[in-house]
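One is the number of the first residue; the rest follow in order along the sequence.
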Amino acid sequence: MKKVVAFMGSPRKNGNTVTLVKEVIRGAQDAGAETTIFNLYDMNIKPCQGCLACRKTGHCVMQDDFQNMFNYIIDADVVVFGSPVYLWHVSAQMKLLWDRLCGLFDENHKPRYAVKNLIMVYSQGNPNAQAFQTSFQTNESMLKMFGLNVVNTILLTGGNNPSTAANNNELLVKAYEAGKAI
């Protein structure tokens, strides 16, 4: 049975990002996967201190909610990151998580654990799907360094209303199918 772990980086518990991540997870569950979801706004994640201990040991020395989440990533076959776009980037909570992922690679910047498939979910208010592609490509390159390879990206555009995703059947199907394809 495949294991899927999802991280929701939106403060809106019923907003567009959450709606789409839940559809990915529903698809994964329907395909028989074991799933876990973390809402980053409910977690205590301290900022990285740059001590580099994780590069040597593979684990962060700080004790907070990250430790448990990190173990789920290590054990997962597929990871899902979902975030609204804030100022061309993911939310601060998602960035806190990403900053702490350095234990996924070793001192030579090689992935320490098995390579994982990654599904990215973004929601943005801008109606132009190309508006933040440079940022998305940078994210993909950075995450690949950790051994997280993007296999699908779900992007909601024009999502100023928190129910935009829930009313976009085509995008809901795309998110569900991305999860089911795992």
Query - Qualifying residue, where the test is side chain to side chain contact (heavy atoms under 4.5 Å, CB included) with Y176 and the options are V24, D30, I25 - result: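 One option only clears the test, and that one is D30.
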Query raised in the report: Which of these passes side chain to side chain contact (heavy atoms under 4.5 Å, CB included) with N117: V80, L148, V78, V150?
Result: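 Of all the options given, the one that passes is V78.
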Within the distance-only criterion (no hydrogens, no angle test), does the side chain of [X] pair as donor or acceptor with the backbone N or O of [Y] below 3.5 angstrom?
| X | Y | value |
| --- | --- | --- |
| Q67 | C60 | yes |
| N108 | K110 | no |
| S91 | G9 | yes |
| T35 | Q29 | no |
| Q133 | A131 | no |
| R112 | F105 | yes |
| Q124 | N126 | yes |
| N16 | A165 | yes |
| R100 | I45 | no |

Let me confirm one number: the [atom1]-[atom2] distance from [X] to [Y], rounded to the nearest 0.5 Å.
| X | Y | atom1 | atom2 | answer |
| --- | --- | --- | --- | --- |
| L40 | L96 | CG | CG | 8.5 Å |
| K116 | D75 | NZ | CG | 7.0 Å |
| L20 | K174 | CG | NZ | 10.0 Å |
| F66 | D99 | CZ | CG | 10.0 Å |
| I74 | K3 | CD1 | NZ | 11.5 Å |
| L101 | C48 | CG | SG | 10.0 Å |

Note, [X] side chain near [Y] side chain (heavy atom, < 4.5 Å):
| X | Y | value |
| --- | --- | --- |
| C51 | V61 | yes |
| M62 | Q49 | yes |
| L172 | T19 | yes |
| M120 | E140 | no |
| T164 | L156 | yes |
| N44 | D64 | yes |
| V115 | N149 | yes |

Query raised in the report: Going through the distances and angles, do I182 and I119 end up as a side chain to side chain contact (heavy atoms under 4.5 Å, CB included)?
Result: CA-CA 10 Å; I182 343 183; I119 297 174; 4.3 Å; yes
Query raised in the report: Should the heavy atoms of other residues, nucleotides or ligands under 6.0 Å from CG of N68 be counted, would the total exceed 12?
Result: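 Yes - once you tally the heavy atoms of other residues, nucleotides and ligands closer than 6.0 Å, there are more than 12.
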If every non-hydrogen atom of [X] is compared with every non-hydrogen atom of [Y], which pair is closest and at what distance?
| X | Y | answer |
| --- | --- | --- |
| S123 | T17 | OG-OG1, 2.7 Å |
| V21 | A6 | CG1-CB, 3.8 Å |
| A28 | V4 | CB-CG2, 4.1 Å |
| G58 | F70 | O-CE2, 3.1 Å |
| N152 | A178 | ND2-CB, 3.4 Å |
| C54 | C102 | SG-CB, 3.6 Å |

Report task. Walk me through it: do E107 and L52 pass the test side chain to side chain contact (heavy atoms under 4.5 Å, CB included)? Result -> CA-CA 9 Å; E107 293 175 288; L52 303 179; over 6 Å; no
Look at the side-chain heavy atoms of Ile, Leu, Val, Met, Phe, Trp and Tyr, link any pair under 4.5 Å apart, and say whether [X] and [Y] land in one connected group.
| X | Y | value |
| --- | --- | --- |
| L171 | Y122 | no |
| V79 | M145 | yes |
| I154 | F136 | no |
| M94 | L143 | yes |
| V121 | V5 | no |

Report task. Determine which pairs satisfy salt bridge (charged side-chain N to carboxylate O under 4.0 Å, His left out) with at least one residue from residues 35-54, sequence neighbours left out, and list them in order. Result ->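 Applying salt bridge (charged side-chain N to carboxylate O under 4.0 Å, His left out) to every pair that reaches into residues 35-54, excluding sequence neighbours, yields K13-D42.
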Query raised in the report: Considering residues at least two apart in sequence or located in another chain, which fulfil the side chain to side chain donor-acceptor pair (under 3.5 Å) criterion with R26?
Result: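 Testing R26 for side chain to side chain donor-acceptor pair (under 3.5 Å), a comparison that skips the adjacent residues, returns E23.
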Report task. Go through K2 and E34 one step at a time and tell me if the side chain to side chain contact (heavy atoms under 4.5 Å, CB included) criterion holds. Result -> CA-CA 6 Å; K2 288 200 175 186; E34 178 184 319; over 6 Å; no
Query raised in the report: Taking the six-membered ring for Trp, are the ring centroids of W98 and F81 within less than 6.0 Å of each other?
Result: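 W98 vs F81: aromatic centres under 6.0 Å.
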Query raised in the report: Looking at residues at least two apart in the chain, or sitting in another chain, which of them share a ring-ring contact (aromatic ring centres under 6.0 Å, His included) with F38?
Result: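 So F38 forms a ring-ring contact (aromatic ring centres under 6.0 Å, His included) with F7, Y72.
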